[in-house]
Amino acid sequence: AQTVTQSQPEMSVQEAETVTLSCTYDTSESDYYLFWYKQPPSRQMILVIRQEAYKQQNATENRFSVNFQKAAKSFSLKISDSQLGDAAMYFCAYRRGANKLIFGTGTLLAVQP
Amino acid sequence: EAQVTQNPRYLITVTGKKLTVTCSQNMNHEYMSWYRQDPGLGLRQIYYSMNVEVTDKGDVPEGYKVSRKEKRNFPLILESPSPNQTSLYFCASSSSGQFTGELFFGEGSRLTVL
């Protein structure tokens, strides 16, 4: 069975600094998708970034980028130039096929002014 | 505006009193799903539906029912709620076919069972 592990329950970063959130997953499949979702205090789940496993190039969305290491089954999220609005719970998720996303337990990110 | 709408957003109920959480999407999505979110456990899938009249269990289906009579609606039914169903519930939808991954989520429904 596929699993997703986020080993950092909480992280903190200074405004304008860079922070990296870790995620590892376990799968025997070769074709799948990985995601980072952001959940601010409003509780809304917001897609931050998506990575297709067959693409070797790391995905980037403005200040957000990933370090995808397929052999190591690692999928970390880097947030550059952190802003107060980045404070949220971040979930890593895995999907293969149409049935469901498998979520990690989340990392709560605090941004210090 | 494309959205997934859940109701109610907040609900306090008592053990055994049947309740329904509604979910509606306006994006003509085939796929819909329910998740529950609990501290330290992330989001876990309860049920999902690939299309009208097609539903299947997720990882934690016990104590829940769903139906998919129309494409846009996917209600979650708790026939006899218990305190361990106190949770934050999310409905989500996506288009099917070649799956690109993004689920569109509702705003969540906070349920407390006393």
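Values below: all heavy atoms of this structure, side chains included; hydrogens, waters and symmetry mates excluded. We name chains A, B, ... by the order of the sequence lines, and we start the count at 1 in each one.
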| query | Do you know which of B/Asp56, B/Asp38, B/Leu88 has the most heavy-atom pairs with chain A at a distance under 4.5 angstrom? | reply | B/Leu88
| For the ring pair B/Tyr35 and A/Phe103, is the centre-to-centre distance below 6.0 Å? | yes
| Portion of B/Phe90 that has a non-hydrogen atom of chain A nearer than 4.5 angstrom | side chain
| query | Centroid-to-centroid, A/Tyr25 to A/Phe75, below 6.0 Å? | reply | no
| query | Quick one: do the B/Asn7 and B/Thr22 side chains pair a donor with an acceptor below 3.5 Å? | reply | no
| remark: So the salt bridge (Lys or Arg N to Asp or Glu O under 4.0 Å) pairs with at least one residue in residues 74-91 of chain A (sequence neighbours excluded) are A/Arg63-A/Asp86
| query | Given a strict heavy-atom distance threshold of 4.5 Å, which part of B/Arg44 is in contact with chain A: side chain, backbone, both, or neither? | reply | neither
| message | Is B/Glu107 close to chain A through its backbone or its side chain, or both, or neither, when contacts mean heavy atoms under 4.5 Å? | response | both
| field | Contact origin within A/Gln6 toward chain B - heavy atom pairs under 4.5 Å | value | neither
| said: Consider side chain to side chain donor-acceptor pair (under 3.5 Å). Of B/Arg9, B/Arg36, B/Gln6, which one does B/Ser109 pass it with? | reply: B/Gln6
| query | Mind checking what makes side chain to side chain contact (heavy atoms under 4.5 Å, CB included) contact with A/Leu47, not counting sequence neighbours? | reply | A/Phe35, A/Tyr37, A/Arg50, B/Glu102
| message | Taking side chain as everything from C-beta outward and backbone as N, CA, C, O, which of these in B/Leu41 sits under 4.5 Å from a heavy atom of chain A? Side chain, backbone, both or neither. | response | backbone
| task | Go through the side-chain N and O atoms of A/Tyr94 and A/Thr27 and say whether any donor and acceptor fall under 3.5 Å apart. | result | yes
| query | Mind checking what makes side chain to side chain contact (heavy atoms under 4.5 Å, CB included) contact with B/Pro83, not counting sequence neighbours? | reply | B/Thr15, B/Val113
| field | Short N-O contact, B/Glu53 and B/Arg68, less than 4.0 angstrom | value | no
| task | Would you please go through residues 12-22 of chain A and name the residues with a non-hydrogen atom below 4.5 Å from one of chain B, in numerical order? | result | none
